[in-house]
Structures are given as C-alpha cells and as structure tokens.
Amino acid sequence: MTTSTCKVWGCSRPIDNAKYGKHCKQHREANLHNGHPTFKPTALSKHHASYNQEPTKAYQGGKKWYSEADLTHFENAFGRLLDEAEKLRALSPYRRLGDLPVRTQLLYLLKASVEAVGRHETMKQWLCIYLAANFKKALFPNRKTLAIFVCRKSLIRMINMPKHITSSGKTKRYRLNANRASKMLDILEPIFELSNAPINNVALWFRHYSYKLNLSNIQKRVMREKHEKNPNYAISLNQIKSLKSIERKYLGG
C-alpha cells in the first residue's frame with residue numbers, strides 16, 4: 001500500500017510530486033539544496049545551535065598547520081587551477097552561471113575568491129575546511145552533504161555569490177546545490193589529497209588538532225568550575241568586558 005504523506009519520520013505533510021519523489025515540498029527542496037531532507041550543515045561558530053566542537057577545532061588547528069606543513073605538491077596543483085580560473089573572461093550580467101559546465105562554475109567561484117582574498121587565503125580556506133570535514137566524515141549522512149559543507153564553508157564570507165539578471169529584469173543569485181557541490185568536490189579532492197603526500201604532514205596536522213581540542217576542553221572545564229562556584233560568573237564577565245570596552249573607547253584606557 002502506497003502512502004500519500006512525506007517519508008521523513010514525523011512529517012505528515014502530503015507528497016509534493018509522487019512521480020519524482022516521496023517527500024513533501026519542504027523536504028524535497030532541502031534534499032535538493034543540502035543533499036539530505038533533514039541535514040543542516042555543521043556550524044563552526046558557538047553562536048549557532050548546530051555548532052560542533054571537533055570539526056571546529058580541526059579547522060582552527062588546520063589553519064596553524066598550513067603555515068608549517070610542506071604543501072609544495074598541493075600548492076602547485078591548486079595554483080594551476082587558479083591560473084586557469086584567472087584567465088576566464090567576466091560573465092555577462094545576463095548570463096546564468098548555473099547553465100555552464102560544473103567545472104567552469106567552480107573556476108568562476110575560485111576566480112571571485114582570488115579577487116576578494118587572494119590566492120594564499122583561497123587555497124588555505126579550501127584545504128583546511130576539507131581536512132576538517134574529511135576527518136569527521138561520520139557527521140555527514142552521505143557524500144553530497146560532505147560536499148555541501150566543504151564548498152559552502154570554503155566560500156562563505158569569502159565571496160558574494162554571483163547574480164544574473166533574468167528575462168523579467170529581476171536579479172537572481174546563484175545557488176550552490178548538492179549536485180553541483182558533489183561534482184566540484186570530485187574535481188578538487190585529488191588535489192586536496194596531495195597535501196598528505198609528505199607523511200610528516202599527517203602527524204603534524206593531528207598534533208595541532210589535539211592541541212586545539214585539549215585547550216578547548218580545559219577552557220570548558222574551567223568555565224564549568226567557575227560557574228558552579230558563582231552562577232552569575234558569565235554575566236559578570238560580560239559586564240567587565242563591556243566596562244573595559246567603554247573605558248578604551250571614551251577614556252583612552
């Protein structure tokens with residue numbers, strides 16, 4: 001017996017289009033956009049509910065590791081890709097980036113990143129995000145969700161997503177959906193794997209990750225102990241920070 005409601009557990013909304021899937025409209029769009037109907041990309045900031053400590057510390061440790069590791073092979077391979085991206089001509093505002101091949105879409109996104117933050121920061125951001133995500137691969141239900149995390153986190157706050165003018169004269173933003181991100185990761189992954197060519201890089205990466213994770217755990221334990229002694233400790237800490245900020249701004253302290 002076929003069901004007429006969404007197959008996601010706990011969702012009783014009707015199926016949006018039974019011919020092409022078994023999800024309601026909300027979960028079908030989430031599946032297309034994020035690669036999974038109920039997946040939300042892990043946040044790397046404590047301000048968000050989806051924050052996860054381990055990939056965050058892996059990313060932060062990776063940024064320190066990047067300046068010490070031998071990444072000659074990776075930088076040469078990624079540099080050739082960036083050279084190819086920088087040779088591309090600017091797109092017409094009426095041209096839709098999503099109509100181009102996925103490799104060309106990736107090159108245009110890399111070109112925008114290089115123009116915004118430079119080659120070094122672009123390579124560093126992509127590699128550190130990938131290594132952190134690949135280390136905690138168990139957090140992702142499938143490869144598409146892993147690709148979404150890597151591609152979006154590597155571009156967020158680095159570039160403004162390209163826009164094009166539609167036939168009606170409205171402006172529409174480029175959407176980096178799960179299918180596009182998965183194909184982009186297929187292109188980039190062999191380049192990322194070159195970072196592990198010198199075996200010392202792997203041990204060095206784990207050293208920086210362990211240091212960041214242990215430091216974070218110590219800070220959490222200290223805060224918990226202080227909060228047990230004084231439940232208003234966090235509030236008083238914020239008050240002290242506010243007073244110091246006012247003193248610096250108005251009294252030159």
Side-chain angles (χ1 to χ4, degrees), residues 34-36 39-45 50-82 84-85 102-103 105-114 116-159 161 176-213:
N34 289 334
H36 191 272
F39 173 75
K40 291 184 180 180
T42 303
L44 300 179
S45 173
S50 57
Y51 168 78
N52 191 297
Q53 182 191 28
E54 292 191 8
T56 303
K57 297 307 166 185
Y59 168 63
Q60 293 174 355
K63 290 196 292 184
K64 181 67 176 175
W65 162 85
Y66 190 91
S67 61
E68 300 179 13
D70 178 12
L71 298 171
T72 306
H73 300 295
F74 162 75
E75 289 178 344
N76 289 340
F78 208 116
R80 288 192 292 270
L81 196 65
L82 296 182
E84 190 178 345
V102 173
R103 178 181 173 82
Q105 295 177 34
L106 173 61
L107 291 176
Y108 271 107
L109 294 175
L110 290 175
K111 180 181 179 181
S113 181
V114 170
V117 298
R119 294 170 69 98
H120 177 77
E121 282 299 320
T122 297
M123 290 191 284
K124 179 180 176 181
Q125 179 78 358
W126 278 92
L127 180 59
C128 293
I129 288 289
Y130 170 77
L131 293 177
N134 194 52
F135 174 64
K136 297 301 296 181
K137 196 180 289 185
L139 292 173
F140 305 98
N142 53 42
R143 180 169 173 79
K144 285 185 176 181
T145 55
L146 173 68
I148 277 292
F149 178 86
V150 172
C151 294
R152 288 195 190 146
K153 296 296 182 183
S154 299
L155 295 170
I156 192 170
R157 298 190 184 90
M158 304 285 279
I159 67 169
M161 282 297 176
L176 183 56
N177 60 33
N179 289 331
R180 290 170 179 169
S182 180
K183 293 175 183 176
M184 289 179 185
L185 187 60
D186 290 339
I187 297 169
L188 291 169
E189 197 165 32
I191 299 175
F192 294 146
E193 294 298 332
L194 293 174
S195 65
N196 294 328
I199 194 63
N200 291 337
N201 284 357
V202 179
L204 185 62
W205 187 91
F206 273 98
R207 187 187 308 165
H208 282 288
Y209 163 68
S210 300
Y211 171 76
K212 287 286 185 181
L213 185 63

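When a residue number appears, it is its place in the shown sequence, counting from 1.
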Mind checking whether [X] and [Y] have side chains closer than 4.5 Å, heavy atoms only?
X	Y	answer
Leu110	Phe78	yes
Leu106	Leu188	yes
Phe140	His36	no
Arg103	Leu81	yes
Phe149	Leu44	yes

Set of salt bridge (Lys or Arg N to Asp or Glu O under 4.0 Å) partners for Glu68, sequence neighbours left out: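 Here no residue qualifies.
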Residue list, salt bridge (Lys or Arg N to Asp or Glu O under 4.0 Å) with Glu121, at least two apart or on another chain: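 In terms of salt bridge (Lys or Arg N to Asp or Glu O under 4.0 Å), with neighbours along the sequence ignored, Glu121 is linked to no residue.
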Pairs satisfying side chain to side chain donor-acceptor pair (under 3.5 Å), at least one member in residues 54-67, at least two apart: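 Passing the test, one end in residues 54-67: Glu54-Lys136, Lys57-Gln60, Tyr59-Gln125, Tyr66-Glu75.
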Derivation of the side chain to side chain contact (heavy atoms under 4.5 Å, CB included) call for Asp186 and Arg143: CA-CA 10 Å; Asp186 290 339; Arg143 180 169 173 79; 2.8 Å; yes
All ring-ring contact (aromatic ring centres under 6.0 Å, His included) counterparts of Tyr209, not counting sequence neighbours: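 Checked Tyr209 against ring-ring contact (aromatic ring centres under 6.0 Å, His included); matches are Phe135, Trp205.
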Gap separating the OG atom of Ser154 from the CG atom of Leu185, nearest 0.5 angstrom: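 Between Ser154 OG and Leu185 CG, I get 9.5 Å after rounding to 0.5 Å.
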Approximate separation, where rounding is to 0.5 Å, of Asn177 CG and Lys144 NZ: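 The NZ atom of Lys144 is 8.5 Å from CG of Asn177, to the nearest 0.5 Å.
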Could you tabulate the donor-acceptor pairs under 3.5 Å formed by side-chain atoms of residues 196-204, not counting sequence neighbours?
residue	atom	partner	partner atom	Å
Asn201	OD1	Asp70	N	3.2
Asn201	ND2	Asp70	O	2.8
Asn201	ND2	Ser195	O	2.9

Flag, side chain of Arg152 to backbone of Leu176, donor-acceptor distance under 3.5 Å: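 The answer is yes, because a donor-acceptor pair under 3.5 Å joins these two groups.
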Side chain to side chain contact (heavy atoms under 4.5 Å, CB included) assessment of Phe39 paired with Asn142: CA-CA 10 Å; Phe39 173 75; Asn142 53 42; over 6 Å; no
Test side-chain contact (heavy atoms from CB on, under 4.5 Å) applied to Val102 - qualifying residues, sequence neighbours left out: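 For Val102, the residues satisfying side-chain contact (heavy atoms from CB on, under 4.5 Å) (neighbours in sequence not counted) are Gln105, Lys183, Met184.
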